[in-house]
Amino acid sequence: MYTAHPDRYAEMPYRRTGRSGLKLPALSLGLWHNFGPDRPVETQRAILRRAFDLGVTHFDLANNYGPPPGSAESALGEALKADFGPYRDELVISTKAGYLMWPGPYGEWGSRKYLLSSLDQSLSRMGLDYVDIFYSHRPDPETPLEETMGALHTAVQQGKALYVGVSNYSPEQTREAARILAELGTPLLIHQPRYSMLDRRPETSGLLDALDELEVGSIAYSPLEQGLLTGRYLDGIPEDSRAASDSPFLNSDALTEELVGKLRTLNEIAASRGQSLAQLALAWVLRQGRVTSALVGASSPRQLEDSVAAIGTLDFDADELARIDKVVKG
C-alpha cells in the first residue's frame, strides 16, 4: 500500500494561477507520453508516486493521450484506485477535449455535444466524479466560440469541472474566450501554450502579455521541445530516441548541424550554472514568474527527479539571459 512522503510539500514552490485561489506546483506532470499499454504499469505507477512524493500535485491529461487515445486516462484511473484514493483532495487533475476521439462529425473540435460527451468519457476512464481543470484543447474554426465556452461553463455548473482553461488559442481568441466566460460567470483560469527556449511564440505573439492583462494563469507544454533540450542529442541521435523513430512530433531531419551546435552551447551555459540542459530549459520557462507551471513528461522516476531539481536554481542574471538569446536567435 502506497503511503505518500510526509515531507512532500517541503521543497516544491507553488504559484497562484492568475487571479484564482488555485496554486499549481512550479512543475506539473504531463501524461502525454509514457502512459500507454506499451509501457510497464509498474513504471507508470512508480513515476506517479515519485512525482507526488516530490510535491508534484498536478497531473495533466487529455482525452487523446496514450497511445492509443484514452489509455493515459485509464492508466491514471487505475493508479488513483490503487494508490491515490486517500489523496484525491491534494491532487489537481486536468483533462482536455478537442482532437479526434471517435468517428463521425461529433468526435472532435469544439461543439457542445463533443466537449460534454468527451468529458463524461474521461471521467469514466479515470473513475472520477469531477476534474479540477477542463480545457478546450484547440479552437474550432467552424463552431461559434460562444458555444465552446458555453460547454465549458456547463461542465462547471454540472459539477464535473472546478475550473476551465484553453490550449493552443491565439491572443485574440484567448481575450474573446475570457470575455465570454466572464459574462457567463465562469472565469478563464488558465491557458496551456507550447513554450520553450526554442519556441518563443507566446512571447512574440503577445500571448503572455494578454494573459498578464487578463490575470489568467499559464502552463507551458513541451518546455523541453520534445526532448531536444534534454541533452540526448548533443552527440547524435540515439537509436531509442524519439527523433530516431521519426515521430510526428520530432524527426531526424530536425537535428541539423546548426541546431546541434546551439544545443551544445546551451549545454555549456547550463553547466556554468551547475545544471543539466533540461534543468536550464525548465528554469528558463519559469523565470520571472510569468508562467505558472511547466509541464514535464517522464519515462522513469529518475528522469522526473532530474527535472524537479531545476527548481533549485530558477533565477537568471541579465548576462545569462542575453547569452541564451544570442545562441537561440543567432
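All heavy atoms count here, side chains included; hydrogens, waters and symmetry mates do not. We're numbering straight along the sequence, starting at 1.
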>> In terms of relative ring orientation, are Phe84 and Phe52 parallel, tilted or perpendicular, with 30° and 60° separating the classes?
In response: perpendicular

> Just how far is it from atom CG of Asp60 to atom OG1 of Thr95, taken to the nearest 0.5 Å?
Replying inline: 8.0 Å

> Quick one: do Leu29 and Leu286 end up in the same hydrophobic cluster if we chain Ile, Leu, Val, Met, Phe, Trp and Tyr together by side-chain heavy atoms under 4.5 Å apart?
Replying inline: yes

>> Apply side-chain contact (heavy atoms from CB on, under 4.5 Å) to residues Gln279 and Thr313 and explain how you reach the verdict.
In response: CA-CA 9 Å; Gln279 290 165 353; Thr313 311; over 6 Å; no

> Atom CG in Asp53, atom NE2 in His5: separation rounded to 0.5 Å?
Replying inline: 6.5 Å

> Any chain of hydrophobic side-chain contacts (each under 4.5 Å) joining Leu116 to Leu123?
Replying inline: no

>> Within the supplied structure, the quantity of interest is the number of heavy atoms (other residues, nucleotides, ligands) at a distance under 6.0 Å from Glu11 CD; does it exceed 12?
In response: no

>> To check you understand the geometry: which heavy-atom pair defines the closest contact between Ala177 and Val166, and what is its length?
In response: CB-CG1, 4.5 Å

> Do you know the tightest heavy-atom contact between Gln44 and Ala75?
Replying inline: OE1-CB, 3.3 Å

> Taking atom types as modelled, is there a side-chain donor on Gln173 or Ser170 under 3.5 Å from an acceptor on the other?
Replying inline: yes

> For the hydrophobic clusters of this structure (ILVMFWY residues joined by side-chain heavy atoms under 4.5 Å, transitively), does one cluster hold both Leu224 and Leu234?
Replying inline: yes

> Can you tell me if Asp132 uses its side chain to pair, donor with acceptor, with the backbone of Ile93 under 3.5 Å?
Replying inline: yes

>> Would you say Thr143 and Glu147 are linked by a side-chain donor-acceptor pair, where the criterion is simply a distance under 3.5 Å?
In response: no

> Crowded around Lys262 NZ? As in, over 12 foreign heavy atoms under 6.0 Å?
Replying inline: yes

> Is the shortest side-chain N to carboxylate O distance from Asp317 to Arg323 below 4.0 Å?
Replying inline: no

> Is there a donor-acceptor pair closer than 3.5 Å between any side-chain N or O of Ser124 and the backbone N or O of Asp120?
Replying inline: no

>> For the backbone of Gly261 and the side chain of Thr265, can you confirm whether one donor and one acceptor N or O come within less than 3.5 Å of each other?
In response: yes

> Roughly how far, to the nearest 0.5 Å, is the CZ atom of Arg39 from the CG atom of Asn34?
Replying inline: 4.5 Å

> Is there side-chain contact between Leu48 and Phe59, with at least one heavy-atom pair below 4.5 Å?
Replying inline: yes

>> I'd like to know if Glu176 and Arg179 make a salt bridge, using a cut-off of under 4.0 Å between side-chain N and carboxylate O.
In response: yes

>> Would you say Tyr195 ends up clustered with Leu321 if hydrophobic residues are merged whenever their side chains have heavy atoms under 4.5 Å apart, either directly or through other cluster members?
In response: yes

> Any side-chain heavy atom of Val56 within less than 4.5 Å of one from Val296?
Replying inline: no

> So do Arg125 and Asn63 actually touch side chain to side chain, heavy atoms under 4.5 Å?
Replying inline: yes

> Within a reach of under 6.0 Å around CZ of Arg88, are more than 12 heavy atoms found that belong to other residues, nucleotides or ligands?
Replying inline: yes

> Under 4.5 Å between any side-chain heavy atoms of Leu263 and Leu229, yes or no?
Replying inline: yes

> Do you know which two heavy atoms are closest between Phe134 and Ala155, and how far apart they sit?
Replying inline: CD2-CB, 4.1 Å

> Can Gln226 and Arg194 be said to form a side-chain contact (heavy atoms from CB on, under 4.5 Å), step by step?
Replying inline: CA-CA 11 Å; Gln226 293 296 311; Arg194 180 168 180 158; 3.9 Å; yes

> Any chance CZ of Arg302 has more than 12 other-residue heavy atoms, nucleotides or ligands included, within less than 6.0 Å?
Replying inline: no

>> Distance check, rounded to the nearest 0.5 Å: Leu24 atom CG versus His58 atom NE2?
In response: 6.0 Å

> Distance-only, no hydrogens or angles: does the Arg15 side chain make a donor-acceptor pair with backbone N or O of Val291 under 3.5 Å?
Replying inline: yes

>> Side chains of Thr148 and Ser136: any donor to acceptor distance under 3.5 Å?
In response: no

>> Once ring pair (Phe, Tyr, Trp, His ring centres under 6.0 Å) is applied, do any residues pair with His137, and if so which ones, sequence neighbours excluded?
In response: Tyr99

> Do the side chain of Ser293 and the main chain of Pro25 share a donor and acceptor less than 3.5 angstrom apart?
Replying inline: yes

>> Is there a continuous path of hydrophobic side-chain contacts, each under 4.5 Å between heavy atoms, that joins Leu198 to Trp32?
In response: yes

> Minimum heavy-atom separation for Gly21 to Arg16, with atom names?
Replying inline: CA-NH1, 3.3 Å

> Do you see a donor-acceptor pair shorter than 3.5 Å between the side chains of Arg138 and Asn168?
Replying inline: no

> Among Leu282, Ile269, Asp306, Leu280, which residue meets the side-chain contact (heavy atoms from CB on, under 4.5 Å) test with Gln275?
Replying inline: Leu280

> Any donor and acceptor pair, going by atom type alone, linking the side chain of Ser71 with main-chain N or O of Pro37 inside 3.5 Å?
Replying inline: no

> Is Lys113 close enough and on-axis enough to Tyr106, meaning under 6.0 Å and within 45°, for cation-pi?
Replying inline: yes

> Is the backbone of Val216 close enough, under 3.5 Å, to the side chain of His191 for a donor and an acceptor to pair up by distance?
Replying inline: no

>> Looking at Asp129, I want to see if its CG is surrounded by more than 12 non-hydrogen atoms of other residues, nucleotides or ligands under 6.0 Å.
In response: no

>> Is it true that Gln158 and Tyr130 share a donor-acceptor pair across their side chains at a distance under 3.5 Å?
In response: no

>> Before you tell me yes or no, could you show the steps for Thr154 and Arg112 under side chain to side chain donor-acceptor pair (under 3.5 Å), namely the whole-Å CA-CA distance, both residues' side-chain angles and the distance that decides it to 0.1 Å?
In response: CA-CA 9 Å; Thr154 295; Arg112 180 180 183 84; 3.0 Å; yes

> Under 30°, 30 to 60°, or over 60°: which ring-plane class applies to Trp102 and Tyr114, parallel, tilted or perpendicular?
Replying inline: tilted

>> Rounded at 0.5 Å granularity, tell me how far CG in Asp212 sits from CZ in Arg290.
In response: 4.5 Å

> Thinking salt bridges, do Glu42 and Arg49 make one under a 4.0 Å N-O criterion?
Replying inline: yes

> Is the closest side-chain heavy-atom distance between Leu119 and Val131 below 4.5 Å?
Replying inline: yes

> Which pair of non-hydrogen atoms, one from Met12 and one from Val308, has the smallest distance, and what is that distance?
Replying inline: CE-CG1, 4.0 Å

> Can you tell me how far the CG atom of Leu152 sits from the OH atom of Tyr135, to the nearest 0.5 Å?
Replying inline: 11.5 Å

> For Arg273 and Asp315, which heavy atoms make the closest approach, and how far apart are they?
Replying inline: NH1-O, 2.9 Å

